[in-house]
Amino acid sequence: VLGTIVLLLHAFLMKETLPAKARVPFKWSGSSPLSFIQLFKRGPLFAKFNMVVLFQSITNGMGDLWQVLARELRGWGAAQCGSFAA
């Protein structure tokens, strides 16, 4: 519901601030869902940095839902969830 409200606000109330002559038309060819793989092909240093970001984003999913599942499926309490995530 909140996303719909934000979409409507952007569509009807917010004005474009970039001048028309500076705008670039959108190209569908550059919007592949697998285009992120190019981030790993820019050299070994970029590949390492992107792997760190990837691993950090994987652990960000351990929020409230993960704790509920750990409690229900494993019988864990708050202390065990905190020890596992630390």
Side-chain angles (χ1 to χ4, degrees):
V1 174
L2 184 59
T4 304
I5 294 170
V6 171
L7 177 69
L8 293 173
L9 286 173
H10 281 284
F12 297 110
L13 297 179
M14 300 194 122
K15 304 286 184 199
E16 176 64 63
T17 58
L18 189 64
K21 60 185 174 186
R23 297 179 194 165
V24 178
F26 180 76
K27 296 179 183 176
W28 283 102
S29 62
S31 61
S32 169
L34 299 177
S35 63
F36 74 93
I37 294 173
Q38 297 299 323
L39 293 172
F40 295 94
K41 295 182 178 180
R42 293 186 177 181
L45 184 61
F46 280 103
K48 289 176 186 175
F49 284 149
N50 288 311
M51 287 302 291
V52 168
V53 171
L54 176 68
F55 290 140
Q56 286 178 338
S57 65
I58 290 171
T59 60
N60 283 344
M62 293 194 296
D64 298 337
L65 181 59
W66 180 85
Q67 292 180 18
V68 170
L69 290 173
R71 183 186 68 218
E72 295 297 321
L73 298 176
R74 297 185 180 121
W76 287 8
Q80 286 174 309
C81 288
S83 296
F84 179 79

Please list, one pair per line, the donor and acceptor atoms closer than 3.5 Å that link side chains of residues 4-15 to other protein atoms, with sequence neighbours excluded.
none

Got E16 and R23 here, is their nearest side-chain heavy-atom distance under 4.5 Å? yes

Got a list of side-chain donor-acceptor pairs under 3.5 Å for residues 30-52, not counting sequence neighbours?
residue	atom	partner	partner atom	Å
S31	OG	W28	O	2.7
S32	OG	L34	N	3.2
S35	OG	S32	O	2.9
N50	ND2	L39	O	3.0
N50	ND2	F46	O	2.8

